[in-house]
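Residue indices begin at 1 and follow the sequence shown. These numbers come from a predicted model, not from an experiment.
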Amino acid sequence: MKTLTQILVPLCLCIVFAMHANAQGEQVAFIPGVFELSNTQRQQADVLKDYEKDFDRAQLFLDDGQYVLRIFFRKKRESWSEDVPLSQEELTELREAILASRASSGKTADEDDKSSRYYLVTSASLHSIPQSIILANLTRQKVTVVPDFGPPYSFYEKSTFGLALPFFTTAGAITSSILLTRDRYISPAAANMHFFGSAFGYGHGAMIASTIKRDGLFIGDDVRFVTESLLISGVSIVEGWVGYYLAKKRKFTYAQSMAYNTGNFWGGSTGLLGYQMTAGSFDADPAGYGFFGLAGSLGGLWLFDVLHKKHPRSSGDLRAINTAGFIGVNLGLAFVYESTNDRAISTAALIGAGVGIASTYMSTSSTNFSKFEGGMVLLSSIGGFALGTGVGLVSDLDSGSAVFSMALGATLGWIGSYLYFKNNESTRRTRSKDLGNNLQFNINPAGLTMLMSSPDQQMNMMRQNIQMNMMSLNYSF
């Protein structure tokens with residue numbers, strides 16, 4: 001327990017510090033429910049004309065009794081902010097103009113932050129269920145049964161309170177989150193950081209527990225599983241709220257929150273695969289998995305923080321990049337499907353993910369996909385995966401070829417949707433770095449004939465120098 005205290009106390013101090021830091025300069029509403037003024041809203045209300053050039057959005061803060069208007073500007077890839085003090089008279093005029101604009105448009109006052117508030121309430125409520133289920137292990141107790149016939153036997157089960165704990169916790173989380181978020185601005189980025197931070201916290205807590213125990217989780221003589229139960233649920237709670245307050249304090253955009261979550265996930269996955277690759281076995285030391293997984297997450301956070309500052313991507317771009325990462329893993333595993341070598345499997349997955357993420361991060365340098373467009377790239381990839389599955393079934397391919405057909409279909413779905421949305425003028429970030437001018441991609445459906453033919457037929461086609469490639473991708477520098 002001493003070791004647990006040494007770990008949990010610093011984590012708790014981190015969240016307390018984040019809460020304290022966030023309290024400096026409280027963000028307040030322009031009018032009830034409107035915590036952020038977009039450029040469209042500014043134009044509709046006909047306000048802040050002196051700042052209309054490169055205007056992105058504005059937020060209102062109250063710092064030591066003084067109202068401060070923080071205006072964010074954006075020009076291509078550059079972004080900056082400026083703080084403008086507001087007198088009570090200026091604020092009154094600004095509020096009256098916004099009220100008049102909203103009254104004429106017929107919108108309700110709380111439309112701006114409603115979805116983000118629901119996102120945070122849902123996140124806190126949903127995560128409270130697994131967190132409390134894991135914590136309920138601490139109530140496990142020994143039960144001895146004496147049957148009428150045969151010897152007595154014992155087993156361990158959660159107490160009645162432990163069984164009821166998830167229900168109490170969920171009810172409390174829903175009620176408290178609704179009350180605490182009332183009349184507060186909840187940014188989409190902060191809610192997003194809370195949801196995924198809590199989700200990744202389960203894995204990070206398990207990694208810390210594995211490193212401490214140097215053994216598998218939920219096994220051994222510790223029938224209450226004190227170490228893993230406290231760490232998995234505790235780290236999930238702390239990491240979710242630390243991410244929330246960090247995003248709120250640093251005014252993250254939604255794309256920034258996605259970049260951090262992307263680095264967190266893929267960094268941790270790289271650490272786990274990297275250790276498995278060096279160890280050469282799936283049954284490697286659990287402590288090694290824990291250490292390398294945590295180190296990978298930290299490295300991924302640092303890398304994507306640097307990348308997003310120097311080469312920012314939109315939220316839609318990041319959706320497309322993450323989709324390509326999963327496709328890369330599937331493609332890599334397809335090449336080693338028949339292999340029984342653990343090192344080869346982990347290496348293929350690691351290389352596939354790296355190639356998929358790196359190549360698509362470069363290819364999205366000339367795009368500015370919206371959330372919808374990024375989601376459509378994801379759906380198109382899923383559709384291509386389904387098409388590849390169907391081709392595999394119809395062609396009666398062997399297991400390895402069928403897996404490759406699925407991955408190839410997902411790849412074609414990604415490329416097709418990417419090129420479609422990329423050619424829309426509204427999604428282009430800049431034409432000076434338009435990779436599409438140098439990228440040539442061709443699909444040859446007749447190539448399936450080669451794949452479906454017998455080995456003798458394939459050899460005969462090769463002798464005749466018949467080109468039956470299914471796909472060609474050329475890029476000129």
Side-chain angles (χ1 to χ4, degrees), residues 1-15 127 130-138 140 193 195-243 246 260-305 325-326 329 341-351 353-354 357:
M1 291 299 293
K2 182 178 179 181
T3 305
L4 292 176
T5 303
Q6 292 173 343
I7 294 173
L8 290 176
V9 168
L11 288 174
C12 293
L13 289 176
C14 287
I15 190 171
H127 281 299
Q131 288 164 355
S132 55
I133 290 175
I134 296 171
L135 275 177
N137 285 323
L138 301 177
R140 283 166 61 93
M193 287 288 285
F195 180 83
F196 285 99
S198 298
F200 298 148
Y202 301 123
H204 293 155
M207 293 173 189
I208 296 174
S210 296
T211 305
I212 294 173
K213 293 186 67 177
R214 303 192 66 86
D215 197 358
L217 303 178
F218 300 108
I219 60 174
D221 298 330
D222 183 9
V223 295
R224 294 192 176 185
F225 310 129
V226 175
T227 303
E228 48 266 67
S229 295
L230 285 175
L231 284 171
I232 293 175
S233 56
V235 172
S236 173
I237 295 170
V238 172
E239 188 169 339
W241 287 109
V242 166
L246 182 67
Y260 272 79
N261 292 330
T262 297
N264 200 347
F265 174 79
W266 288 112
S269 301
T270 299
L272 295 174
L273 289 171
Y275 176 71
Q276 186 173 291
M277 183 177 64
T278 56
S281 173
F282 289 122
D283 299 323
D285 182 11
Y289 276 116
F291 177 80
F292 276 82
L294 290 170
S297 288
L298 291 174
L301 285 169
W302 172 82
L303 176 61
F304 272 80
D305 177 59
F326 286 109
V329 172
N341 188 311
D342 295 346
R343 179 176 282 113
I345 294 173
S346 55
T347 302
L350 187 60
I351 292 175
I357 293 172

Student: Using the test ring-ring contact (aromatic ring centres under 6.0 Å, His included), find all partners of F225 that sit at least two apart in sequence or belong to another chain.
Tutor: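 Per chain and number, F225 pairs via ring-ring contact (aromatic ring centres under 6.0 Å, His included) with F218.
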
Student: Check Y202 against P130 and note the closest heavy-atom contact, atom names and distance.
Tutor: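 Where Y202 meets P130 most closely, the heavy atoms are OH-CG, 3.1 Å.
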
Student: Give the minimum heavy-atom separation between A287 and T211, together with the two atoms involved.
Tutor: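 Reported closest heavy-atom pair: O-OG1, 3.7 Å.
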
Student: Looking at CD of E239 and OG of S297, how far apart are the two atoms once the value is rounded to the nearest 0.5 Å?
Tutor: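 E239 atom CD to S297 atom OG measures 7.5 Å (nearest 0.5 Å).
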
Student: Go through the structure and list residues passing side-chain hydrogen bond (donor to acceptor under 3.5 Å, both in side chains) with S210, not counting sequence neighbours.
Tutor: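 Result, side-chain hydrogen bond (donor to acceptor under 3.5 Å, both in side chains) vs S210: none returned.
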
Student: Shortest non-hydrogen contact from A353 to W266?
Tutor: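 Closest approach of A353 to W266: CB-CZ3, 3.9 Å.
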
Student: Which label fits F265 and F326: parallel for a plane angle under 30°, tilted from 30 to 60°, or perpendicular past 60°?
Tutor: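 Answer is tilted, since the angle falls between 30° and 60°.
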
Student: I'd like to check F200 versus N261 (side-chain heavy atoms, cut-off strictly below 4.5 Å). Are they in contact?
Tutor: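 Touching, per the 4.5 Å side-chain cut-off.
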
Student: Measure the shortest side-chain to side-chain distance between F196 and N264 over non-hydrogen atoms and say whether it is less than 4.5 angstrom.
Tutor: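 SC-SC contact between F196 and N264 ruled out.
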
Student: Identify, with sequence neighbours excluded, every residue that meets salt bridge (Lys or Arg N to Asp or Glu O under 4.0 Å) alongside D215.
Tutor: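 If we apply the salt bridge (Lys or Arg N to Asp or Glu O under 4.0 Å) test to D215, skipping adjacent residues, there are no hits.
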
Student: Supply the atom-to-atom distance D305 CG to Y260 OH, rounded to the nearest 0.5 angstrom.
Tutor: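 Answer for the CG-OH pair, D305 versus Y260, is 3.5 Å.
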
Student: Could you tell me whether the side chain of R343 and the main chain of T278 form a donor-acceptor pair under 3.5 Å?
Tutor: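 Side chain of R343 to backbone of T278: a pair is present.
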
Student: Are side-chain heavy atoms of L138 and L230 found at a separation under 4.5 Å?
Tutor: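 In contact.
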
Student: Looking at residues at least two apart in the chain, or sitting in another chain, which of them share a salt bridge (Lys or Arg N to Asp or Glu O under 4.0 Å) with D285?
Tutor: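 With neighbours one apart ignored, the set is R214.
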
Student: How long is the straight-line distance from OG1 of T227 back to CG of N137, given to the nearest 0.5 Å?
Tutor: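 Answer for the CG-OG1 pair, N137 versus T227, is 12.0 Å.
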
Student: Should L272 and F292 count as side-chain neighbours, where that means a heavy-atom distance under 4.5 Å?
Tutor: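 With C-beta onward as the side chain, the pair stays apart.
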
Student: Output all residues satisfying side chain to side chain contact (heavy atoms under 4.5 Å, CB included) with A206, sequence neighbours left out; order by chain, then residue number.
Tutor: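 Once residues adjacent in sequence are excluded, the partners of A206 under the side chain to side chain contact (heavy atoms under 4.5 Å, CB included) criterion are L217, I232.
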
Student: How long is the span from the NZ atom in K213 to the CD atom in E228, to the nearest 0.5 Å?
Tutor: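 One gets 3.5 Å once the value is rounded to the nearest 0.5 Å.
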
Student: Drop me the distance from H127's NE2 to I237's CD1, to the nearest 0.5 angstrom.
Tutor: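 H127 atom NE2 to I237 atom CD1 measures 11.0 Å (nearest 0.5 Å).
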
Student: State the CG-NE2 distance between L298 and H204, to the nearest 0.5 angstrom.
Tutor: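 Nearest 0.5 Å value for the CG-NE2 distance: 7.5 Å.
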
Student: Using the test side-chain hydrogen bond (donor to acceptor under 3.5 Å, both in side chains), find all partners of S236 that sit at least two apart in sequence or belong to another chain.
Tutor: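 S236: side-chain hydrogen bond (donor to acceptor under 3.5 Å, both in side chains) contacts with Q131.
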
